[in-house]
Amino acid sequence: MNIAVILAGGSGQRMSSDCPKQFIKVAGKMIIEHTIDVFQTHKRIDEIIVVSNSLYISDVQNIVLKNKLNKVKKILQGGQERYHSSIAAIQSCERLDQSTNLIFHDAVRPLVSHRIIDDCIDALEDYNAVDVVIPTVDTIIEASENNNIANIPNRNKLRNGQTPQAFKLKTINEAYQLALADPNLTTTDDCGVVKRYLPEEPIYLVDGESFNMKLTYKEDLHLMDKIFQLKTHKVDQQTINEDVKLELKDKVIIVFGGSYGIGNEIVNICNDFGVKVYSFSRSQNNTDISNIEHVRNALKHVYEIHKKIDYVVSSAGILVKEALCNMDYDSIVDSVNINLLGSIIVAKESYAFLKESAGSMLLYTSSSYTRGRSFYSTYSATKAAIVNLVQALSEEWLEDNIRINCVNPERTKTPMRVTNFGIEPNNSLLDPKEVAVASINTLMSCLTGEVIDVKIKK
């Protein structure tokens with residue numbers, strides 16, 4: 001069993017905030033909401049324990065209920081020091097199998113990745129204690145009492161510690177029992193307790209990530225907010241597993257822009273699996289997603305047949321590769337209407353249907369969303385707007401159980417690409433079928449508000 005322990009007992013003194021920093025909002029949700037959600041959506045995490053400041057236990061309970069965090073089995077009261085919170089979690093698990101894995105994580109590190117969690121769990125197959133670290137990039141100075149340099153350690157051997165820190169229950173329990181018998185106990189982390197009181201126990205180091213930052217000071221909020229905006233996720237782009245195929249057969253899917261490119265590959269895959277899939281586009285059935293009535297009629301038509309719509313994909317888009325000063329206004333308006341306004345219309349008109357089915361929506365962005373580039377001014381602007389639209393709607397639709405994500409493919413061999421760039425080496429382009437596979441896996445996932453990267457396999 002893998003149990004995540006979210007340590008949320010801090011008071012936020014260094015932030016000079018009216019509330020603990022884990023309850024500050026960033027990217028639309030409280031820090032602690034983001035953090036718990038990472039473990040809630042991780043397939044290998046069985047249960048979650050949250051250890052909270054006693055004054056905020058009711059707030060944590062409300063978060064769990066609002067977000068339907070069914071893996072959270074215990075909400076415990078922490079203590080004055082960090083290690084008091086760890087001890088509370090350990091003691092609550094004492095009756096469990098001693099081989100149970102406890103994965104301790106700071107509530108104020110909301111950007112931890114599934115990869116890091118996986119690596120910690122994998123390492124516990126061979127070790128009883130695991131820490132997450134990143135290389136130290138700055139020179140570390142040891143200062144003397146009179147503020148001179150006393151020593152400069154070799155930074156090649158130095159690491160900055162992060163969380164999670166993961167342990168076998170037996171190991172961390174034994175370490176803390178010894179620690180509590182020490183009247184001079186002082187510690188800032190759980191691995192430090194194991195290292196001090198079980199010195200023969202090896203602690204394996206898992207590679208962390210620079211983005212797995214801890215919110216400590218007010219200035220960190222600005223950086224964290226930007227990282228959330230640019231944060232991406234990956235799904236399988238090679239295969240669709242048998243469970244997904246089986247679940248797909250009962251679904252009704254609408255693809256706007258399904259006549260060519262990525263949208264067409266989604267339609268083809270769904271047809272191969274016997275899925276009820278419907279394609280609408282300007283070239284196929286005169287459906288323009290920037291026309292409200294066209295979108296409304298398409299959705300109504302499918303709903304009247306099946307009495308439900310589970311998934312909506314909007315892959316329709318156009319690219320005019322030209323300097324803005326040379327573009328005519330008809331082209332500018334068409335670009336904004338199809339790439340942005342059309343997505344907004346599809347989202348707004350699909351809302352009622354997806355609320356009824358607790359369904360999912362998928363939009364598409366581009367690598368140019370992170371920074372505008374010359375000759376892509378309107379295209380880059382609309383693709384950046386798509387990311388913000390998805391992130392905003394994921395919050396608005398959360399309580400309606402509607403998931404919405406956007407796929408961010410690298411250069412893909414589609415007719416639109418060929419029209420604008422001519423003939424390019426095949427090995428420099430993504431196969432649109434790979435993007436389609438990743439798209440379907442995203443639709444069927446529990447993710448929401450995510451940018452899904454699909455990259456060329458090196």
> What is the distance from atom CZ of F211 to atom CG of L111, rounded to the nearest 0.5 Å?
Replying inline: 8.5 Å
>> Quick check for you: to the nearest 0.5 Å, what is the distance between T186 atom OG1 and Y83 atom OH?
In response: 8.5 Å
> Given Y303 and E356, is the side chain to side chain donor-acceptor pair (under 3.5 Å) satisfied, shown in steps?
Replying inline: CA-CA 11 Å; Y303 186 80; E356 181 180 309; 2.9 Å; yes
Could you give the side-chain donor-acceptor pairs of residues 448-455 under 3.5 Å, partners two or more places apart or in another chain?
residue : atom : partner : partner atom : Å
T448    : OG1  : I404    : N            : 3.1
E450    : OE1  : K231    : NZ           : 3.2
E450    : OE2  : K231    : NZ           : 3.2
D453    : OD1  : N408    : ND2          : 2.9
D453    : OD2  : T232    : OG1          : 2.9

> Going by atom types alone, do N70 and Q40 pair a side-chain donor with an acceptor below 3.5 Å?
Replying inline: yes
> Would you call K214 and D220 a salt bridge, using N to O less than 4.0 angstrom?
Replying inline: no
Pair up each side-chain donor or acceptor in residues 54-64 with any protein partner under 3.5 Å, not counting sequence neighbours, and list the distances.
residue : atom : partner : partner atom : Å
N62     : ND2  : S58     : O            : 3.3

>> Could you work out, with side-chain hydrogen bond (donor to acceptor under 3.5 Å, both in side chains) as the rule, every residue matching S439, not counting sequence neighbours?
In response: Y364
> Given the rule in the side chain to side chain donor-acceptor pair (under 3.5 Å) test, do N405 and T442 qualify, once you have shown the distances and angles that lead to the verdict?
Replying inline: CA-CA 8 Å; N405 298 285; T442 302; over 6 Å; no
> Does the side chain of Q77 come under 3.5 Å of the side chain of S52 through a donor N or O and an acceptor N or O?
Replying inline: no
>> Is any side-chain heavy atom of V50 closer than 4.5 Å to one of I36?
In response: yes
>> Rounded at 0.5 Å granularity, tell me how far CD1 in I402 sits from CH2 in W397.
In response: 5.5 Å
> Between the side chains of N2 and H42, does any donor sit under 3.5 Å from an acceptor?
Replying inline: no
> Would you say the side-chain atoms of T163 pair up with the backbone N or O of Q165, donor to acceptor, closer than 3.5 Å?
Replying inline: no
> Is a side-chain N or O of S366 found less than 3.5 angstrom from the main chain of Y369, in a donor-acceptor match?
Replying inline: no
